[in-house]
2 protein chains.
Amino acid sequence: MENEVDGLDKRKAYILATVVYEYIATGEPVGSQALTQKYNLGVSSATVRNEMADLEAGGYLEQPHTSAGRVPSDAGYRTYVDALMSPEELGADERRRIRDEMRDARAQLDEIVEQSSRLLGRLAGNLAFVTKPQSETQSFRYAQLIWIGERSGIAIIVTSFGVASQSLFELRNDVTPDDLTRLSNALNATFAGRLLRDCDDRSLAAVTKQCGFGDDMVGAVRTAFTGARTQEQPGIAASGAQHLLDQPEFRDVRKLRSILRILEEQRTLYDLVADAFDSPAASVKIGHELGSEELADLSLVTVPYRFGERAVGMLSILGPRRMPYARLLALASGTAETLSERLHDVEVR
Amino acid sequence: MENEVDGLDKRKAYILATVVYEYIATGEPVGSQALTQKYNLGVSSATVRNEMADLEAGGYLEQPHTSAGRVPSDAGYRTYVDALMSPEELGADERRRIRDEMRDARAQLDEIVEQSSRLLGRLAGNLAFVTKPQSETQSFRYAQLIWIGERSGIAIIVTSFGVASQSLFELRNDVTPDDLTRLSNALNATFAGRLLRDCDDRSLAAVTKQCGFGDDMVGAVRTAFTGARTQEQPGIAASGAQHLLDQPEFRDVRKLRSILRILEEQRTLYDLVADAFDSPAASVKIGHELGSEELADLSLVTVPYRFGERAVGMLSILGPRRMPYARLLALASGTAETLSERLHDVEVR
DNA sequence: TCTTCGCACTCGCTTGCCCGGAGTGCTAAA
DNA sequence: TTTAGCACTCCGGGCAAGCGAGTGCGAAGA
């Protein structure tokens, strides 16, 4: 029937929403009396009690121990996020402030990514992290091979976001500076504007050989491009870990340790958001959905930022499961939007 | 007389040393009885008591509360570090392990700096951080101005450690690719091998004008060099924050917050080691010597690493005042040595 | 049939209290 | 000057009592 949400009748849904809302606000297990007193439910605490017992049986609520109030379970949060909460929008002044603060960063990729992570961490009052644009999704802009000696040089590759990566190379045959310039020009002519991932080894080899170079130079070019592709791979800017200490759920120091460890292993951090690349929209992972017992009482909000149509990176907020989901989604989206805009400032045209 | 150390007679000095040593080992305030039982002092606990009272009067020891044992004060640790402790050397196998682990990093400046910070953090069981080489102390290797259009280009500057920085420039007058190559060559011929800080604006302008360029190009070149000089300025790799959680002194969460905040503000972290650049040797800062009430019960061990004769960066360990100073100094020195060696691998010759 | 009331019960948290242990300072004797 | 003895202090752990918030359930009411 129309009145059902996720298998819950209207009243149950409303009570669940209220419990989650209240628990997010206070951090205390919420009981039936407190709920009826604070919110006008139109029924008595006893009724609420019955409903809560049902919700617990359905797996939406949990009881830390008998004679304590109820606390949302992963499923409870999930239902809340998917169906019950009302989405938030940022106010115009908030948007403006985000934009203003983002302007403080110079027009360099690293800086705007770090700035957005700092900003988001502070606004959200939680740990925020932002992945740098996957270099695979960046495009190739310029290559320059610099002559150092008869048999050595430096290859410099500039991507569309102005990220330069350089690599030294050694050759088996002599070359002249002119040779290198010729090859640079050929590479630029062929690949300019292409996505880096489309600069595959075969085409690189073809161009290099066409210019009359041997396998040693093919290897050098390949290494240079590989370096550019993978360079910033799991580059992540994180910020705001100290806010986690304010959360009562971190009075237990062991949980903190897991988080700090994860922070330092960028790999793990990256894995957390990796599958968000598959879906272009915001995603929320709750508790065990994060796939790790250590992180079981945390949640993760992830929002992509774009360059043009392509999602090139992710902004994430990691915090206690008991987080204001609607608000954080709004903040992350707002920051993502501004970050996307600023991305055009660093673009090398 | 000969038997005095820092104004303490021999026995007082020995007792102080033992108290510090024992406190570092156990973390418990140490009392006179425990001390006489565990160490063969040749005197009774009552005598030790008297001496300890003197040491407390002299400011070397403190009492958390009446009827507790004594704990070293800043001054007590200071005397211990300066005059009492016996320096440690790393064993040959430990050196080897450090060297082996450092080999895991690819020959890229960032990687070896990060690797050394991770390594040191793990070995020392504390927060370790390593500053990247001050780019001022790096030398200039190559400049390449790349032609993009009649009035715009990219300047790429490579330093001795293979760090490339790039900047876009716009001009008021048309140039040809050949013009830019000519200027690149002139810059390379003039400045190759010089320290970056010696590539001052005046000489840059002189060379640029000599090649027949106007003020717009002078500005572009200046910006490019300034970018290279300041680029990695306060770049710091930190690692091992989670170890701090093991220390009993961090049961209080507020202290952790200060540390996490400092970790994220690289500026503060950099200030901590900044004055260590003045002295070329290892330095130890204890408690209030760090100049901040927040950090009052921490200590910092800082050891420079070198490129050739020049100290170019610092390795630091930040941990509880109650840290095994001799051991950590040895570890930091060992890591610094290996880092210095590996620096030659990334040098662009 | 659903809701509400009343009531007994549960359980964690806080408070107060006691006690043991470790350490001190002081005094007097060696 | 050192040592032994002793009274005193204070922290911390353990334990019991009381409180408060909440539950579940049976019976009464709509």
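Naming convention: chains lettered A, B, ... in sequence-line order (proteins, then strands); numbering from 1 in each chain. Being a predicted model, the structure only gives us computed values, none of them experimental.
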Can you pull out how bent the helix from C:dT1-D:dA30 to C:dA30-D:dT1 is, comparing the axes over its first five and last five pairs, to 10°? 20°
Is the shortest distance from a Lys or Arg side-chain nitrogen in A:Asp93 or A:Arg97 to a carboxylate oxygen in the other one below 4.0 Å? no
For B:Gly42 and for A:Ala53, find the nucleotide of DNA chain D with the closest heavy atom, then tell me which residue's nucleotide is more 5'. B:Gly42
For nucleotides 13-18 of chain C, tabulate all protein N/O to nucleotide N/O atom pairs closer than 3.5 Å, reporting atom names and distance.
none

For a 4.0 angstrom threshold against heavy atoms of chain B, report the outermost contacting nucleotides of DNA chain D in 5' to 3' order. D:dT2 to D:dC11
Of all heavy-atom pairs linking A:His288 and A:Asp74, the shortest is N-OD2, 2.9 Å
How would you list all residue pairs meeting side-chain hydrogen bond (donor to acceptor under 3.5 Å, both in side chains) that involve residues 116-127 of chain A, not counting sequence neighbours? A:Glu101-A:Arg122, A:Gln115-A:Arg118
Test side-chain contact (heavy atoms from CB on, under 4.5 Å) on A:Glu294 and A:Arg261; report intermediate values, then the result. CA-CA 11 Å; A:Glu294 287 184 321; A:Arg261 198 151 37 71; 2.6 Å; yes
At their closest point, which heavy atom of B:Val303 faces which heavy atom of B:Ala282, and how far apart are they? CG2-CB, 3.8 Å
Check the pair A:Thr302, A:Ser316 against side chain to side chain donor-acceptor pair (under 3.5 Å), reporting the backbone distance first and the verdict last. CA-CA 4 Å; A:Thr302 303; A:Ser316 295; 3.2 Å; yes
Identify, with sequence neighbours excluded, every residue that meets side-chain hydrogen bond (donor to acceptor under 3.5 Å, both in side chains) alongside A:Thr66. none
Between A:Leu295 and A:Leu290, what is the shortest heavy-atom contact and its length? O-CD1, 3.8 Å
Indicate yes or no for a side-chain donor-acceptor contact from B:Glu264 to the backbone of A:Ala241 under 3.5 Å, with no hydrogens or angles considered. yes
What's touching nucleotides 21-24 of chain C from the protein side, N or O pairs under 3.5 Å?
from	atom 1	to	atom 2	distance (Å)
C:dG23	O3'	B:Ala68	O	3.4
C:dT24	OP1	B:Arg70	NH1	2.9
C:dT24	OP2	B:Ser32	N	3.2
C:dT24	OP2	B:Ser32	OG	2.7

What is the ring orientation for A:Tyr23 with A:Tyr77, classed by angle as parallel under 30°, tilted 30 to 60°, or perpendicular over 60°? tilted
So OG of B:Ser333 and CD of B:Glu89: to nearest 0.5 Å the spacing works out to 8.5 Å
Side-chain donor or acceptor of A:Glu289 paired with backbone N/O of A:Ile286 under 3.5 Å: yes
